[in-house]
Amino acid sequence: MRQPYIAGNWKMYKTVSEATALAGALVAAVGRETGRKVMIAPPFTALHAVREVLKGSKIVLGAQNACAELEGAHTGEISLRMLRDAGVTVVILGHSERRHVYGETDALVNRKVKLALAEGFEIILCVGETLDERQKGVTEKVVEGQTRGGLEGVAERDMGRVTIAYEPVWAIGTGKNATPQDADAVHSFIRTVISQMDGAEAAQALTIQYGGSVKPDNVRDLMKMENIDGALVGGASLKPETFLPIVQFDR
Ligand code: PGA
């Protein structure tokens, strides 16, 4: 049985005081949650402060991105070493906003993935097609390319620290979520790709999150699907009123 995994991607929202207030509310409500894994990824500037709030709770601290180098002349970048120092254990990589707004390629995402795994982090690798790609009928081709490209050279023994988030770009922040059936079909396809790459056991064990307009009123139907193991939540993770019912969805 794969444990449900709910993650909040706070994107470029929350000052330090706003972030610690939100983290505090989550700790009070779900900090002892054991049946499911809960992660929050605040902006870099709030990581240290949020780490203090999470201490002693089961909520895991994540980062939204990382540099593909450990140190050096990379103005404006944040390294995995700095993230570890801030208490981060999980890194989101290849988010569609990184790919489509900041031009990250599969090759760059792959370098980040390999470095993060080598440095002992867990990762969430995001994959997903644009509306244009969906309409052209190339969803599987795109998702397969991003999955294989992102995980190229990753050893099977490291797959236990890999989560994949399927986030159709057209569903992110738009209020249009994929139907549970459409999302499940892509999740099942991703499992087939992983099975070809790493074997059936790794594919069965893999946690695959859905992301894209996950809300309190659609989480339950999504989580009922056989291949949907969790959610990567953006907008609805910014308020306890919307994030807590998602974390506490009942099956
Ligand atoms: P959304 O974002 O929940 O606001 O659609 C999801 C994401 O980008 O991870």
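One-based numbering, in listed order, for ligands and for the atoms of each. Worth saying up front: this structure is predicted, and the values here are computed from it rather than measured.
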Take atom CD in E226; do more than 12 heavy atoms of anything else shown fall under 6.0 Å from it?
no

Give the residue and atom name of whichever protein heavy atom lies nearest to atom 7 (C) of ligand 1, and the separation in Å to one decimal.
E167 OE2, 3.2 Å

The answer for which part of A236 has a heavy atom under 4.0 Å from ligand 1 is neither

Going by the atom numbers of ligand 1, which of them fall below 4.0 Å from some non-hydrogen atom of G173?
1 (P), 4 (O), 5 (O)

Do the side chains of E119 and L83 get nearer than 4.5 Å, heavy atoms only?
no

Taking NZ, NE, NH1 and NH2 as the nitrogens, is one of them in E52 or K55 under 4.0 Å from a carboxylate oxygen of the other?
yes

For ligand 1, find out whether one of its N or O atoms is nearer than 3.5 Å to an N or O atom of H95.
yes

Can you tell me how far the OG1 atom of T242 sits from the CG atom of D217, to the nearest 0.5 Å?
11.0 Å

Numbered atoms and elements of ligand 1 in range of K11, under 4.0 angstrom, heavy atoms
2 (O), 7 (C), 8 (O)

Side chain, backbone, both or neither: which applies to N9 and ligand 1 if a contact is any heavy-atom pair less than 4.0 Å apart?
side chain

Identify, for atom 4 (O) of ligand 1, the protein heavy atom at the shortest distance, and state residue, atom and that distance.
G235 N, 2.8 Å

With a 4.5 Å limit on heavy-atom distance, are the side chains of D106 and R99 in contact?
yes

Listed partners of Y166 passing ring pair (Phe, Tyr, Trp, His ring centres under 6.0 Å), at least two apart
H187

Top protein contact for atom 3 (O) of ligand 1, by heavy-atom distance:
G234 N, 2.8 Å

Charged N-O contact under 4.0 Å between R81 and D85:
no

Quick note on ligand 1: atoms under 4.0 Å from a heavy atom of G212 include exactly 5 (O)

What are the atoms of ligand 1, with element, lying closer than 4.0 Å to any heavy atom of A171?
5 (O)

